Amino acid sequence: MADEFQSNNGSLDRDSMTLAQHVLQEVESLGAEAQDISALMNRVAFAGKLIARRLTRAGLVEDAMGFTGKKNVQGESVKKMDEYANDVFISVFKRSGLVCQLVSEEMEDIYHIPENCPIGGYTLLYDPIDGSSNVDINLNVGSIFSVRRRQGAQVDDTGADLLTPGHDQMAAGYILYGPSTVFVYSIGKGVHAFTLDPSLGEFILAAEHVQIPAHGPNYSANEGNLWQWDEHFRDYIRYVHRHEGYSGRYSGALVGDFHRILMQGGVFLYPGTQKNPAGKLRLMYESAPLAFLAAQADGKATTGDQAILDVQPTGIHMRSPLIIGSKEDVALVESFIQERKMEQQPVSTGLAAS
Ligand code: AHM
Ligand code: MG
């Protein structure tokens, strides 16, 4: 009986740790900013629940699958779920009083919410549906978000004040819509994962202080682009093909591929290609938020030349190459980059120029 009580008590304790409670515990204060962070995370989580609800019925409801017929700022065809999920974030944050500006993959310009500006000191940057080509085939997709503090009292309509390196993010995370819906976040105090319990409508703590293993078996890249990559990335792929212990895993949705690496270790890479030298992924609402999480989970993220979190953005929709994951696996990719760079350097004659 005592044992039964103990085990019930354990699972009840676990079920009682909701996302809202966890954020409050993390911020450890009742100050205004702490309450804002807590409210922000709850609003993002609510957006995730709305999107998850539609995704689970995508094959049954009107206007959930297929394309809208429009192109987004990146020139990519917009899917109906991209548009729906983008509108969900707008609607959820419109009446929040928290966020004065929204930046989304699906909107060319910054979306201003003037009524929130007197008190809303934050900007939310997001990719509403990442990997949206997976929607029509019922595979995993995600939403990625990044929170930045507004710089200065006045709102800069041009968005120039947002163009600072990823170190300036205050919080970041993602929602993974898979067999279950998972919410992963960090406010700079470790990375924590929650699973949506549909019967409660709550995200319940699943893993606290997640650490990326220093090395893992997974390598995740679109090898269809191999011929378009720089030689050093081909060197890396040849290496994993010729050594035991590696598994290729690529779902076409960054959130899912990153989540696997967060939990099991390995490396995700989307290098520049001949067609797109800066790669495909967007710095401010894809690469930088995931780099923030990787740094908090003892992992690493780089463009190949510099740490993702050090990159100075030149525009809100800027793209960057991304190599992210376990420290040792990212370092292995970097070692091939270094090797090729050394080969390309002119051989020194040993004579100093006078
Ligand atoms: P999206 O946000 O428009 O869906 O694009 C980003 C996605 C990532 O989730 C994924 O890693 C990558 O694009 C896949 O691209 P590709 O089809 O070139 O491999
Ligand atoms: Mg995306």
Side-chain angles (χ1 to χ4, degrees), residues 47-48 51 55 58 64-89 102-108 125-146 172-178 182 184 218-229 233 237 248-262 266-291 293-294 301 303 308 316-325 333:
I51 295 166
L55 283 169
M65 306 223 279
F67 294 94
T68 60
K70 300 176 203 161
K71 299 256 183 203
N72 69 10
V73 56
Q74 340 276 342
E76 298 157 346
S77 299
V78 177
K79 303 215 76 166
K80 289 176 181 167
M81 268 312 293
D82 287 323
E83 197 167 78
Y84 174 81
N86 190 51
D87 291 349
V88 163
F89 276 93
L102 296 170
V103 171
S104 159
E105 179 180 327
E106 300 305 329
M107 298 188 286
E108 181 161 6
L125 302 97
Y126 63 103
D127 180 358
I129 294 280
D130 176 65
S132 54
S133 68
N134 278 3
V135 169
D136 291 359
I137 48 165
N138 195 26
L139 290 183
N140 70 275
V141 291
S143 302
I144 308 175
F145 66 91
S146 161
Y174 58 82
I175 304 149
L176 169 61
Y177 311 101
V182 171
V184 174
N218 304 295
Y219 74 95
S220 187
N222 184 345
E223 290 186 53
N225 290 333
L226 191 107
W227 65 279
Q228 290 199 68
W229 293 343
F233 294 110
I237 295 296
R249 292 285 184 270
Y250 189 73
S251 74
L254 172 62
V255 170
D257 290 327
F258 178 75
H259 191 68
R260 184 199 302 276
I261 284 162
L262 178 71
V267 63
F268 172 95
L269 48 156
Y270 205 112
T273 58
Q274 277 170 19
K275 285 187 195 155
N276 298 305
K280 179 181 183 191
L281 302 171
R282 274 54 56 123
L283 177 68
M284 299 204 67
Y285 43 79
E286 292 180 324
S287 305
L290 298 190
L293 295 176
T303 63
I308 290 282
I316 54 173
H317 297 295
M318 175 185 170
R319 294 176 196 258
S320 71
L322 177 65
I323 304 157
I324 189 167
V333 178

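Model, not experiment: these values are computed from the prediction. Whatever order the structure lists ligands and atoms in, that order sets their numbers, starting from 1.
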If you count the atoms of ligand 1 from 1 in the order shown, which ones are under 4.0 Å from a heavy atom of [X]?
X	value
L254	8 (C), 9 (O), 10 (C), 11 (O)
N222	16 (P), 18 (O), 19 (O)
A253	9 (O)
G131	1 (P), 2 (O), 4 (O), 9 (O)
S132	4 (O)

With backbone taken as N, CA, C and O and side chain as the heavy atoms from C-beta onward, which portion of F268 lies under 4.0 Å from ligand 1: side chain, backbone, both, or neither?
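The answer is the side chain of F268.
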
Give the contacting part of D127 toward ligand 1: side chain, backbone, both or neither, where contact means a heavy-atom distance below 4.0 Å.
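Side chain only.
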
Of all residues at least two apart in sequence or in a different chain, which pass the side chain to side chain donor-acceptor pair (under 3.5 Å) check with N218?
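Residues passing side chain to side chain donor-acceptor pair (under 3.5 Å) with N218: Q264.
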
Test side chain to side chain donor-acceptor pair (under 3.5 Å) applied to K71 - qualifying residues, sequence neighbours left out
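Not a single residue meets the side chain to side chain donor-acceptor pair (under 3.5 Å) criterion with K71.
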
D87 CG to Y84 OH distance, which is reported to the nearest 0.5 Å:
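If I round to the nearest 0.5 Å, the distance is 9.0 Å.
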
In Å, rounded to the nearest 0.5 Å, how long is the span from CE of M318 to CG of L283?
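With rounding to 0.5 Å, CE (M318) is 5.5 Å from CG (L283).
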
Pairs of nitrogen or oxygen atoms closer than 3.5 Å, one from [X] and one from ligand 1: do any exist?
X	value
Y250	yes
E286	yes
L281	no

Which class fits the ring pair Y250 and F268: parallel under 30°, tilted 30 to 60°, perpendicular over 60°?
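It falls in the parallel class, under 30°.
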
Minimum non-hydrogen distance to atom 7 (C) of ligand 1, winning option of E106, K280, E105, R282:
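The nearest heavy atom belongs to K280.
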
When you measure from atom 6 (C) of ligand 1 to each heavy atom in V78, T273, D130, which option holds the nearest one?
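Result: the heavy atom closest to atom 6 (C) of ligand 1 is in D130.
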
Determine whether more than 12 heavy atoms belonging to other residues, nucleotides or ligands lie under 6.0 Å from atom CG of N138.
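Counting other residues, nucleotides and ligands, CG of N138 stays at 12 neighbours or fewer.
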
In terms of heavy-atom contacts, does CD of Q274 have more than 12 from other residues, nucleotides or ligands at under 6.0 Å?
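Check passes, neighbour count above 12.
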
Please give me the minimum heavy-atom distance between F233 and V333, naming the atom from each residue.
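Looking at all heavy atoms of both residues, the shortest contact is CE2-CG1, 3.9 Å.
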
